[in-house]
Amino acid sequence: MGPGVLSPCLLLLWAWAWALPAGSVLPPELSKAEVTRMFKDFMIQFNRTYRSPAEQRRRFGIFTQSLLAARRLQETELGTGQYGVTRFSDWTDEEFRGMFRSPPPHTMRQAPQLLRKKPPPSCDWRKAGAVTAVKDQGDKCSSCWAFAAVANIESLWNIHFHQPRNLSVQEVLDCSWCGAGCEGGYVWDAFTTVLHKRGLTSEDAYPYTGRKETCHNLNVPAAYIQGFQTLPGDEVEIAAHVASKGPITVTLNSAVMKNYQNGISQPSVMSCSPDHVDHVVLLVGYGGDGQCKVMDRRYWIIKNSWGKGWGEKGYYCLHRGSNACGITTFPVTATVHRVGAPGHNVHCPPEGGAAAAESLLTACQDPCYHQDRTNWGHGPSLGDGGK
Ligand SMILES: *[C@@H]1O[C@H](CO)[C@@H](O)[C@H](O)[C@H]1NC(C)=O
Ligand SMILES: *[C@@H]1O[C@H](CO)[C@@H](O)[C@H](O)[C@H]1NC(C)=O
């Protein structure tokens, strides 16, 4: 077969790969050419190559469905959340759920210890330097439970000992007390593992590979914990705890996070059922009390484990006060304190203010941000945000 025969064939195949699969529905405001351009931009931005034209065509169809889903979320959004193209736009919902699921937590409810203290209006542990860099669990391992637990220990260790440390998620994954791994797991299992191993190694000494491997006993702990506790499923109590003790892990429904770009996400209960939690993350602060006169813009600041390129530089802002996406279902935290030392008081810095470092996100800090800037130029505009 000479090149003269091959090229038209390839050309045809090329054209076919860029054609939408039959039955694809486009978002009404977008033309076929626009959707094709968006998919090409997506492939470049997220470095996608598909193994065959058929696969590319299938992924193009899924991409289009994600655009539609993002548009529906935008139309029913109650807060300032913006939805659109993300690194998961060519994933099916099944692939997405399969990736991040953590078994639903229905065990281990302990008698919660009520603080009965009015929480300060805002708190952002990142401003105290108590939160390590956002990590990326990768696309092949449902290890959010281990990432969130380790991030919790990192922050508490930093708050109590003023030592910033990246700790080993891989050690938790490899040595899980319950035998959990890349198929999802429980955050309390991660803490139990750390208790049994009498500490956690540093990330440098035991780096993340994104696969469950043989458990190593390096016996050089970089941090340790005294125990862990379940907190009351009440957002005021949770805020009081975060402000007075430090970041905690929570389990939530990740459904809208597939398409989330930025803003304070407040999906309808239909879009984000509080009864189907599947993803574990770290609550590092909150804000928004009384700062917006017009609207309720209270929010949680959530550290995710999908890299800095996802959401608000790796963070998610979720509405506070409505049990959005089931965030109150399973709040758990490790306990870290100096052995023999009286428990000292820690203070969470308030959010916002001129002193806010530029590396911190803007939209989470300023709840009125999106009211003045509708469709502020973040990616493709899908409907009218900033309602
Ligand atoms: C893009 O993907 C290819 C193949 O998966 C990989 O070899 C390459 O390193 C990636 N490039 C970037 C910039 O991520
Ligand atoms: C932790 O890891 C990040 C990269 O993920 C790095 O930038 C940072 O310097 C590390 N911090 C410490 C204390 O080692």
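Read the numbers this way: they start at 1 and go in the same order the structure lists the ligands and their atoms. Along the sequence shown, residues carry numbers from 1.
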Parallel, tilted or perpendicular: rings of Trp91 and Phe88 (30°, 60°): perpendicular
Residue pairs fulfilling disulfide bond (SG atoms under 2.5 Å apart) with at least one residue in residues 235-271, sequence neighbours excluded: none
Arg72 to Tyr83, cation-pi by 6.0 Å centre distance and 45° axis angle: no
Residues which pass salt bridge (Lys or Arg N to Asp or Glu O under 4.0 Å) with Glu213, listed by chain and number, not counting sequence neighbours: Arg211
Of all pairs that satisfy disulfide bond (SG atoms under 2.5 Å apart), the ones with a partner from residues 211-257, not counting sequence neighbours: Cys175-Cys215
Parallel, tilted or perpendicular, as decided by the 30° and 60° cut-offs, for the rings of Trp306 and Trp310: perpendicular
What are the polar N/O contacts of ligand 2 with the protein below 3.5 Å, with distances?
unit_1: ligand 2; atom_1: 2 (O); unit_2: Asn166; atom_2: ND2; d: 2.3
unit_1: ligand 2; atom_1: 11 (N); unit_2: Asn166; atom_2: ND2; d: 2.9
unit_1: ligand 2; atom_1: 14 (O); unit_2: Asn166; atom_2: ND2; d: 3.3

